[in-house]
Amino acid sequence: MSTDSKHVPLSLRRKIVIALDSDLLVPAILANQTAGGTAESSEDVNQATQSRFSTFKTVAWAKANIIRESEDHVFLITCVNPEASSATAGQLDTATIASMWNSMFYDRENHSSRAKEAEAALRRLAEALSRVGVSVSIEVVLGAPATRIPEYVHAHRGELLVVQAPVRSALASAFSYSWADSCGYSSVCPTVMVKQSDLPDNVAVALDPPLPTPTTTANAAASVSAETAE
(Lines give C-alpha, C1' and ligand atoms only; values in the text may rest on other atoms or scores of the structure.)
Protein backbone atom coordinates (compact mmCIF):
# COMPACT_ATOMS: atom_id res chain seq x y z
CA MET A 1 0.00 0.00 0.00
CA SER A 2 1.28 3.45 -0.84
CA THR A 3 -0.22 6.81 0.05
CA ASP A 4 1.24 9.99 -1.44
CA SER A 5 -0.33 13.13 -0.01
CA LYS A 6 1.72 15.49 -2.18
CA HIS A 7 2.62 15.22 -5.86
CA VAL A 8 6.37 14.86 -5.39
CA PRO A 9 7.95 11.89 -7.20
CA LEU A 10 9.26 9.16 -4.95
CA SER A 11 12.64 9.41 -6.65
CA LEU A 12 13.01 12.96 -5.35
CA ARG A 13 12.04 12.19 -1.77
CA ARG A 14 14.35 11.25 1.07
CA LYS A 15 13.64 7.61 1.87
CA ILE A 16 13.18 6.75 5.53
CA VAL A 17 12.67 3.16 6.66
CA ILE A 18 10.94 2.69 10.03
CA ALA A 19 11.30 -0.90 11.27
CA LEU A 20 8.94 -1.93 14.07
CA ASP A 21 9.28 -4.91 16.39
CA SER A 22 6.69 -7.50 15.35
CA ASP A 23 6.37 -8.82 18.92
CA LEU A 24 5.26 -5.36 20.04
CA LEU A 25 3.21 -4.63 16.94
CA VAL A 26 1.30 -7.93 17.15
CA PRO A 27 1.53 -9.12 20.78
CA ALA A 28 1.08 -12.86 21.22
CA ILE A 29 -1.89 -12.35 23.55
CA LEU A 30 -3.90 -10.44 20.97
CA ALA A 31 -2.77 -12.80 18.22
CA ASN A 32 -4.08 -15.76 20.21
CA GLN A 33 -7.43 -14.03 20.68
CA THR A 34 -7.67 -13.35 16.95
CA ALA A 35 -6.91 -17.00 16.23
CA GLY A 36 -9.74 -18.06 18.52
CA GLY A 37 -7.61 -18.96 21.52
CA THR A 38 -8.64 -18.73 25.14
CA ALA A 39 -9.56 -15.35 26.53
CA GLU A 40 -6.85 -13.61 28.53
CA SER A 41 -7.23 -11.51 31.63
CA SER A 42 -7.83 -7.78 31.33
CA GLU A 43 -4.35 -7.19 32.75
CA ASP A 44 -2.79 -9.25 29.96
CA VAL A 45 -4.84 -7.46 27.31
CA ASN A 46 -3.90 -4.08 28.74
CA GLN A 47 -0.23 -5.10 28.63
CA ALA A 48 -0.64 -6.08 25.00
CA THR A 49 -2.30 -2.73 24.30
CA GLN A 50 0.68 -1.02 25.93
CA SER A 51 2.96 -2.91 23.55
CA ARG A 52 0.99 -1.78 20.52
CA PHE A 53 0.91 1.77 21.80
CA SER A 54 4.71 1.70 22.02
CA THR A 55 4.88 1.13 18.26
CA PHE A 56 2.56 4.09 17.75
CA LYS A 57 4.80 6.26 19.93
CA THR A 58 7.83 5.21 17.89
CA VAL A 59 6.17 6.36 14.68
CA ALA A 60 4.89 9.54 16.33
CA TRP A 61 8.39 10.35 17.61
CA ALA A 62 9.81 9.92 14.12
CA LYS A 63 7.11 12.23 12.76
CA ALA A 64 7.87 14.89 15.36
CA ASN A 65 11.66 14.77 15.11
CA ILE A 66 12.73 13.36 11.74
CA ILE A 67 10.07 13.22 9.04
CA ARG A 68 9.57 16.19 6.71
CA GLU A 69 6.22 15.49 5.11
CA SER A 70 6.87 17.62 2.02
CA GLU A 71 10.24 15.99 1.29
CA ASP A 72 10.27 12.41 2.66
CA HIS A 73 8.76 9.04 1.91
CA VAL A 74 8.41 6.56 4.77
CA PHE A 75 8.69 2.81 4.36
CA LEU A 76 6.90 1.34 7.39
CA ILE A 77 7.97 -2.28 7.83
CA THR A 78 8.12 -5.18 10.25
CA CYS A 79 9.60 -8.69 10.07
CA VAL A 80 7.77 -11.94 10.75
CA ASN A 81 10.22 -14.81 11.09
CA PRO A 82 8.77 -18.16 9.91
CA GLU A 83 11.72 -20.02 11.45
CA ALA A 84 11.09 -18.74 14.97
CA SER A 85 9.88 -21.43 17.34
CA SER A 86 8.23 -21.10 20.71
CA ALA A 87 9.38 -24.55 21.79
CA THR A 88 12.18 -24.67 24.35
CA ALA A 89 15.30 -26.37 23.05
CA GLY A 90 16.35 -29.50 24.92
CA GLN A 91 13.04 -30.06 26.69
CA LEU A 92 11.36 -32.97 24.95
CA ASP A 93 8.59 -33.51 27.44
CA THR A 94 5.07 -34.50 26.43
CA ALA A 95 3.91 -30.90 25.97
CA THR A 96 6.90 -30.04 23.77
CA ILE A 97 6.43 -33.14 21.62
CA ALA A 98 2.76 -32.26 21.18
CA SER A 99 3.71 -28.71 20.26
CA MET A 100 6.24 -29.97 17.69
CA TRP A 101 3.66 -32.34 16.21
CA ASN A 102 1.06 -29.60 15.93
CA SER A 103 3.58 -27.19 14.42
CA MET A 104 4.13 -29.59 11.53
CA PHE A 105 0.58 -28.86 10.41
CA TYR A 106 -0.25 -25.42 11.79
CA ASP A 107 2.94 -23.32 11.82
CA ARG A 108 2.61 -22.20 8.23
CA GLU A 109 -1.00 -21.16 8.79
CA ASN A 110 -0.10 -19.36 12.04
CA HIS A 111 2.75 -17.42 10.43
CA SER A 112 0.46 -16.46 7.55
CA SER A 113 -2.13 -15.23 10.04
CA ARG A 114 0.51 -13.31 12.00
CA ALA A 115 1.74 -11.65 8.81
CA LYS A 116 -1.82 -10.57 8.00
CA GLU A 117 -2.27 -9.17 11.51
CA ALA A 118 1.03 -7.31 11.22
CA GLU A 119 -0.03 -5.88 7.86
CA ALA A 120 -3.33 -4.69 9.31
CA ALA A 121 -1.54 -3.03 12.23
CA LEU A 122 0.94 -1.35 9.87
CA ARG A 123 -1.94 -0.11 7.75
CA ARG A 124 -3.50 1.61 10.75
CA LEU A 125 -0.20 3.36 11.50
CA ALA A 126 0.21 4.33 7.84
CA GLU A 127 -3.26 5.86 7.84
CA ALA A 128 -2.31 7.95 10.87
CA LEU A 129 0.81 9.19 9.06
CA SER A 130 -1.15 9.86 5.89
CA ARG A 131 -3.67 11.99 7.80
CA VAL A 132 -0.86 14.38 8.76
CA GLY A 133 0.49 14.61 5.22
CA VAL A 134 3.22 11.95 5.17
CA SER A 135 3.88 9.87 2.07
CA VAL A 136 4.04 6.28 3.32
CA SER A 137 4.04 2.66 2.20
CA ILE A 138 3.95 -0.54 4.26
CA GLU A 139 5.41 -4.02 3.96
CA VAL A 140 5.64 -7.15 6.07
CA VAL A 141 9.00 -8.84 5.42
CA LEU A 142 9.44 -12.56 6.07
CA GLY A 143 12.65 -13.72 7.68
CA ALA A 144 15.06 -12.80 10.45
CA PRO A 145 14.96 -9.02 11.01
CA ALA A 146 18.71 -8.76 11.67
CA THR A 147 19.38 -9.67 8.04
CA ARG A 148 16.17 -8.90 6.18
CA ILE A 149 15.82 -5.29 7.34
CA PRO A 150 19.29 -4.19 6.14
CA GLU A 151 18.58 -5.98 2.86
CA TYR A 152 15.31 -4.12 2.55
CA VAL A 153 17.01 -0.77 3.25
CA HIS A 154 19.62 -1.48 0.58
CA ALA A 155 17.05 -2.64 -1.99
CA HIS A 156 14.90 0.47 -1.50
CA ARG A 157 17.86 2.86 -1.31
CA GLY A 158 16.99 3.95 2.20
CA GLU A 159 18.76 7.04 3.43
CA LEU A 160 17.85 6.70 7.11
CA LEU A 161 16.79 3.69 9.18
CA VAL A 162 14.71 4.14 12.33
CA VAL A 163 14.41 0.97 14.43
CA GLN A 164 12.19 0.32 17.41
CA ALA A 165 14.33 -1.17 20.16
CA PRO A 166 12.86 -4.51 21.31
CA VAL A 167 12.10 -5.14 24.95
CA ARG A 168 14.87 -7.36 26.37
CA SER A 169 16.07 -8.42 29.78
CA ALA A 170 19.29 -6.98 31.20
CA LEU A 171 20.87 -10.44 31.01
CA ALA A 172 20.00 -10.89 27.34
CA SER A 173 21.29 -7.41 26.53
CA ALA A 174 24.58 -8.14 28.29
CA PHE A 175 25.36 -11.33 26.37
CA SER A 176 23.94 -10.81 22.89
CA TYR A 177 22.95 -8.19 20.34
CA SER A 178 19.31 -7.58 19.54
CA TRP A 179 18.10 -7.55 15.95
CA ALA A 180 17.96 -3.76 16.20
CA ASP A 181 21.62 -3.62 17.25
CA SER A 182 22.59 -5.84 14.32
CA CYS A 183 20.68 -3.60 11.92
CA GLY A 184 22.62 -0.61 13.18
CA TYR A 185 25.94 -2.36 12.51
CA SER A 186 25.10 -3.74 9.06
CA SER A 187 22.82 -1.10 7.54
CA VAL A 188 24.18 0.88 4.59
CA CYS A 189 22.68 4.13 5.93
CA PRO A 190 22.64 5.98 9.28
CA THR A 191 20.50 4.27 11.92
CA VAL A 192 18.48 5.73 14.79
CA MET A 193 17.37 3.36 17.56
CA VAL A 194 14.29 4.49 19.47
CA LYS A 195 14.12 3.16 23.05
CA GLN A 196 10.64 2.91 24.49
CA SER A 197 11.77 4.14 27.92
CA ASP A 198 12.73 7.44 26.31
CA LEU A 199 9.26 8.15 24.90
CA PRO A 200 6.57 9.90 26.97
CA ASP A 201 2.95 9.17 26.16
CA ASN A 202 2.34 12.74 25.01
CA VAL A 203 4.62 12.22 22.00
CA ALA A 204 1.49 10.76 20.39
CA VAL A 205 0.18 14.27 19.71
CA ALA A 206 2.55 14.38 16.72
CA LEU A 207 -0.09 12.31 14.95
CA ASP A 208 -3.48 13.98 15.04
CA PRO A 209 -5.83 12.45 15.94
CA PRO A 210 -3.80 9.93 17.98
CA LEU A 211 -4.73 6.30 18.37
CA PRO A 212 -6.02 5.09 21.76
CA THR A 213 -3.64 5.53 24.71
CA PRO A 214 -2.47 2.70 26.99
CA THR A 215 -5.54 3.30 29.17
CA THR A 216 -7.66 1.67 26.47
CA THR A 217 -10.06 -0.83 28.01
CA ALA A 218 -9.99 -4.56 27.36
CA ASN A 219 -13.06 -4.21 25.13
CA ALA A 220 -11.33 -1.60 22.99
CA ALA A 221 -8.26 -3.80 22.67
CA ALA A 222 -10.46 -6.71 21.63
CA SER A 223 -12.05 -4.56 18.91
CA VAL A 224 -8.60 -3.79 17.51
CA SER A 225 -7.91 -7.53 17.35
CA ALA A 226 -11.20 -8.04 15.51
CA GLU A 227 -10.13 -5.50 12.88
CA THR A 228 -6.86 -7.34 12.22
CA ALA A 229 -8.78 -10.55 11.61
CA GLU A 230 -10.68 -9.04 8.68
* To do: Only counting residues at least two apart or in another chain, list the ones meeting side-chain hydrogen bond (donor to acceptor under 3.5 Å, both in side chains) with K63.
  => none
* salt_bridge(D72, R13) N-O dist < 4.0 Å -> no
* To do: Enumerate the residue pairs fulfilling salt bridge (charged side-chain N to carboxylate O under 4.0 Å, His left out) with a member in residues 145-155, sequence neighbours excluded, ordered by first and then second residue.
  => R148-E151
* Using the test side chain to side chain contact (heavy atoms under 4.5 Å, CB included), find all partners of H156 that sit at least two apart in sequence or belong to another chain. => F75, E139, Y152
* Asked: Which pairs count as ring-ring contact (aromatic ring centres under 6.0 Å, His included) when at least one residue sits in residues 130-149, sequence neighbours excluded?
  -> none
* **Interatomic spacing from CD1 in I18 to CG in L125 - rounded to 0.5 Å** => 9.0 Å
* Asked: To the nearest 0.5 Å, what is the distance between CG (N202) and NZ (K57)?
  -> 9.0 Å
* Asked: Nearest 0.5 Å, what's the CZ-CG distance between R124 and L76?
  -> 13.0 Å
* To do: Measure from the side-chain N and O atoms of K15 to the backbone N and O of V153, and report whether any donor-acceptor pair falls under 3.5 Å.
  => no
* To do: Output the distance between atom OG (S182) and atom CD1 (I149), rounded to the nearest 0.5 Å.
  => 10.0 Å
* Begin from the C-alpha positions of C183 and L161 and carry the test side-chain contact (heavy atoms from CB on, under 4.5 Å) through to its verdict. => CA-CA 9 Å; C183 287; L161 172 61; 4.1 Å; yes
* **L207 side, atom CG; W61 side, atom CH2 - distance, nearest 0.5 Å** => 13.5 Å
* **Partners passing side-chain hydrogen bond (donor to acceptor under 3.5 Å, both in side chains) against R68 (at least two apart in sequence or in another chain)** => E71
* Asked: Residues in side chain to side chain contact (heavy atoms under 4.5 Å, CB included) with S54, at least two apart?
  -> L24, Q164, Q196
* To do: Hey, could you give me the OG/CG distance between S51 and L25, rounded to the nearest 0.5 Å?
  => 10.5 Å
* Would you say the side chain of T78 lies within less than 4.5 Å of the side chain of V141, judging by non-hydrogen atoms? -> no
* Asked: Is R123 salt-bridged to E127, going by a charged N under 4.0 Å from an acidic O?
  -> no
* Taking only residues two or more places apart in sequence, or in another chain, which ones meet E159 in a side-chain hydrogen bond (donor to acceptor under 3.5 Å, both in side chains)? -> none
* Below 4.5 Å, heavy atoms only, C-beta onward: do L160 and V17 meet side chain to side chain? -> no
* **Main-chain N/O of R52 paired with T55 side-chain donor or acceptor, under 3.5 Å** => yes
* Asked: Do you know which two heavy atoms are closest between S186 and A146, and how far apart they sit?
  -> OG-O, 4.1 Å
* **Results of side-chain hydrogen bond (donor to acceptor under 3.5 Å, both in side chains) for D23 - residues two or more places apart only** => R114
* **side chain to side chain contact (heavy atoms under 4.5 Å, CB included) involving A180 - partner list, sequence neighbours excluded** => V163, P166, S178, M193
* To do: Report the residues that fulfil side chain to side chain contact (heavy atoms under 4.5 Å, CB included) with A144, sequence neighbours left out, ordered by chain and then residue number.
  => N81, T147
* Asked: What heavy-atom pair brings V132 and A206 nearest, and what distance separates the two atoms?
  -> CG1-O, 4.3 Å
* Asked: Is there side-chain contact between I66 and R14, with at least one heavy-atom pair below 4.5 Å?
  -> yes
* Asked: Looking at A60 and A204, what are the two nearest heavy atoms and their distance?
  -> CB-CA, 3.9 Å
* Structure fact -> Minimal heavy-atom distance between V140 and A115, with the atoms involved, is CG2-O, 3.8 Å
* Please report the C-alpha distance between L122 and L20 in whole Å, then the side-chain angles of each, then the deciding distance to 0.1 Å, and finally whether the side-chain contact (heavy atoms from CB on, under 4.5 Å) criterion is met. => CA-CA 9 Å; L122 286 179; L20 301 174; 4.0 Å; yes
* Please report the C-alpha distance between S137 and H73 in whole Å, then the side-chain angles of each, then the deciding distance to 0.1 Å, and finally whether the side-chain contact (heavy atoms from CB on, under 4.5 Å) criterion is met. => CA-CA 8 Å; S137 56; H73 179 81; 3.0 Å; yes
